[in-house]
Every structure is written in structure tokens, then in C-alpha cells.
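Scroll down for the structure; my scribbles are underneath it.
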Amino acid sequence: MNLFSFKKKKPIIGLTLSGGGMRGIAHIAVLKALEEYDLKPQIISGTSAGSIVGAFYSFGKTPDEMMDIVKQTTFFSRSYLKLSKNGIFSSNFILKLFTDHFPEDDFSILKIPVYVAATEMTHGIVDFFSEGPLFQPLLASSSVPFILPPVRIEEKIYVDGGVLDNLPIEPIIDKCDFLIASHVNSISYDELKKMSLMKEFDRILHLAIAKSVYSKAKSCDIFLDPPKMTKFSLFNKKFMDEMFTQVYEYTCEELESKGYTRI
């Protein structure tokens, strides 16, 4: 029996999804498990990959449908190499993902509220988007510095929301009764002997922001932090099935340890 079953009215469940590049696939595994344990979110916040997964889910895509989309989509391919002063890759592949699967460029198409975090460069603050045009905020939230170009929205320049807030619980913590957070960047300590430039970049980035992420864990009713996630690439989906299975099983075990059962 679930812990909420004795209440007449179920609490509003909020879900925050961290950034993590291609490790954002792990959020899909989390969503699949949450649904099976009757913990489907009614409000979502996210940054970078987490904001994209959140938007697709809010639009109505099931976890299985999202996995099919990931398998059919090419990410960070050589055809999108740009090598400009603003980034190594063009962000056109992300924009194509949106135009292929969303019928309209507007938050109004989403069935549940989603708050998208992006780092505003001039003032060094995090802005949250939840209405109006959808694609540019999602692009901005996902624009990893030096990898993808910054995004201009009106008069402001934005980069990846994870730079300043890789677990953006702030816009929904007061709008929900029960907060779940999914963080997909736990550091693996088995990878130090051989490290590529991209692996080094990944590690430095997440070491720098880890403290701020983990300081928020105590504010969450459930904090999901599957182990050794940095063994999976930030930029390719080579081991996506292994990652999905690992995170799905981890999430199920965590939920059962807290007294939840499958519906």
C-alpha cells in the first residue's frame, strides 16, 4: 500500500530534473518507475536535458515513446560540428528535435506546468520560463558553455541553466506538497586512469556544481541520485540501454525501500 493511500486527496507531486547531457536519458527511466509506483508528477522543473525531458513528458509522451525518440535521433554528430568561437556544435539538432515532435512553439501545448531554468549571462542569475515561446528557453537551458552557442532571448543572453542551478527546485517547491528530485551526475571514481578531454570537462563541471546540488537534497521528500553516473558520456548515447536499466532498477529499489509498491 502506498503511503498516500489513506488520504482523501492525493498531494500534488512535483518533480525536478537535473541537467546531464545525454545522461538525461536516465530521467526517462525515473519517470517510468514513478508512474509504476503511482507517483506521477503534476508539476515539473528542469534544467538542460532535464528541461527537455520534462517538456516531452508534459506534452504527453510516455517514457517508452521518449526512448523511441532518443533511439531515432542523432545527437552531437559530426554533421553538426561548427567549431566557432561560440561553440563546438550547432544547436540545430536540438531545434530539429523540437520541430519534429512539438506541434507548436509555445508552453501552452504542455499538459502540466513546466519551469525551465536558464543562466542569464549579464547579471549572473537564473531565470525560469513557464509561458510564451517554448523552443528558445529549452535551447537556452541546454546550451552547455563552449559546446553549444549561447541563446539570445529578447535582450538577454543565456547559457545552460546547470551552470548556476543544476537542481532547480525553487520554482515548484512551494507549488507542490511532495517534491521528488532526480540527479543524474553522481561522480564515478573508477575513471581517473584514462580520461579524454570531454571526460575531463564533464568531471570539472560537475565537481564545481556538486555542492550546490547536494545542499538541496534535504529539501526534497525523495532525492534520487543513481551511483557512478559519470561513467556514462555527457555527449553520446552509446550505453543508453545499460544506463536506462541501471537507473530504472535503482529507482524501483529506492521507492520500495520507502514503502511504495507497484500499482
Chi angles and distances behind the salt bridge (Lys or Arg N to Asp or Glu O under 4.0 Å) call for Lys61, Asp68: CA-CA 10 Å; Lys61 296 294 184 183; Asp68 287 340; over 6 Å; no

Checking Ser48 side chain against Gly20 main chain: does a donor-acceptor pair fall under 3.5 Å? no

Could you tell me whether the side chain of Ile222 reaches within less than 4.5 Å of the side chain of Leu255, counting heavy atoms only? yes

I want to check something: taking the side chain as every heavy atom from C-beta on, are Lys231 and Met243 in contact at a cut-off of under 4.5 Å? no

Out of curiosity, does Met240 fall in the hydrophobic cluster containing Val247 (side-chain heavy atoms, cut-off under 4.5 Å, transitive links)? yes

With a 3.5 Å distance limit and no angle check, can you tell me whether Ser143 reaches the backbone of Pro149 through a side-chain donor-acceptor pair? yes

Sub-3.5 Å donor-acceptor pair from the side chain of Ser186 to the main-chain atoms of Lys228, do we have one? yes

Give a yes or no on whether Glu131 atom CD has more than 12 heavy-atom contacts from other residues, nucleotides or ligands under 6.0 Å away. no

Shortest non-hydrogen contact from Pro103 to Ile109? CD-CD1, 4.0 Å

Would you say the side-chain atoms of Ser257 pair up with the backbone N or O of Glu254, donor to acceptor, closer than 3.5 Å? yes

Hey, are the side chains of Asp160 and Pro145 touching, using non-hydrogen atoms and a 4.5 Å cut-off? yes

Hydrophobic cluster membership, with links at side-chain heavy-atom distances under 4.5 Å among I/L/V/M/F/W/Y: are Met121 and Leu138 in one? no

Quick one: does Met22's side chain get under 4.5 Å of Ser233's, heavy atoms only? no

Are Val53 and Phe102 connected, step by step, through hydrophobic side chains (Ile, Leu, Val, Met, Phe, Trp, Tyr) whose heavy atoms are closer than 4.5 Å? yes

With side chains defined as the heavy atoms from C-beta onward, is the minimum distance between Ile172 and Ile44 less than 4.5 Å? no

What I'd like to find out is whether the side chain of Phe93 reaches to under 4.5 Å of the side chain of Thr73, using heavy atoms alone. no

Checking the side chain of His183 only, and the main-chain atoms of Phe223 only, is there a donor and an acceptor separated by less than 3.5 Å? no

Ile180 and side-chain contact (heavy atoms from CB on, under 4.5 Å): which partner among Ile13, Val30, Asp221? Ile13

Using 0.5 Å steps for rounding, measure from the CD1 atom of Ile12 to the CZ atom of Phe178. 13.5 Å

Tightest non-hydrogen contact, residues Gly24 and Val184, listed as N-CG2, 4.5 Å

Within a radius of less than 6.0 Å around NZ of Lys111, do more than 12 heavy atoms belonging to other residues, nucleotides or ligands occur? yes

Hey, does the side chain of Gln42 reach the backbone of Lys40 with a donor-acceptor pair shorter than 3.5 angstrom? yes

Within the distance-only criterion (no hydrogens, no angle test), does the side chain of Gln246 pair as donor or acceptor with the backbone N or O of Met229 below 3.5 angstrom? no

Relative to the ring of Phe98, is the ring of Phe56 parallel (under 30°), tilted (30 to 60°) or perpendicular (over 60°)? tilted

Closest non-hydrogen atom pair, Ile112 against Ser58: O-OG, 2.5 Å

From Leu31 atom CG to Asp64 atom CG, the distance as rounded to the nearest 0.5 Å: 11.5 Å

Salt bridge check, Lys216 against Asp165: does any charged N sit closer than 4.0 Å to a carboxylate O? yes

Would a distance-only check, ignoring hydrogens and angles, find a side-chain to backbone donor-acceptor pair under 3.5 Å from Asn166 to Gly19? yes

Spacing of CD1 belonging to Ile173 relative to CD1 belonging to Ile43, to within rounding of 0.5 Å: 11.5 Å

Are the side chain of Ser45 and the backbone N or O of Thr16 linked by a donor-acceptor pair below 3.5 Å? no

Taking 4.0 angstrom as the limit, do Lys71 and Asp241 come out as a salt bridge? yes

Check for me, please, whether Phe146 and Ile94 land in the same ILVMFWY cluster - side-chain distances under 4.5 Å, paths through other members count. yes

Find out whether Tyr214 and Asp225 are in side-chain contact, i.e. whether some heavy atom of one side chain is under 4.5 Å from a heavy atom of the other. yes

Quick one: CZ on Phe128 to OG on Ser141, what's the gap to the nearest 0.5 Å? 9.5 Å

Tell me whether Asp105 contacts the main-chain N or O of Phe135 through its side chain, where contact means a donor paired with an acceptor under 3.5 Å. yes

Take Thr230 and Arg23, measure what side-chain contact (heavy atoms from CB on, under 4.5 Å) needs, and give me the verdict at the end. CA-CA 8 Å; Thr230 57; Arg23 291 194 290 270; 4.1 Å; yes

Taking a hydrophobic cluster as the set of Ile, Leu, Val, Met, Phe, Trp and Tyr residues connected by side-chain heavy atoms closer than 4.5 Å, whether directly or through intermediates, do Leu234 and Leu17 fall within one such cluster? yes

Hey, could you give me the OG1/CG distance between Thr74 and Asn236, rounded to the nearest 0.5 Å? 12.5 Å

Taking all atoms of both residues into account, what is the closest heavy-atom pair of Val70 and Lys237, and its distance? O-NZ, 2.6 Å

Atom pair CG/CG of Leu39 and Leu15 - distance to nearest 0.5 Å: 10.0 Å

Is there a side-chain contact between Phe107 and Val116, using heavy atoms and a 4.5 Å cut-off? yes

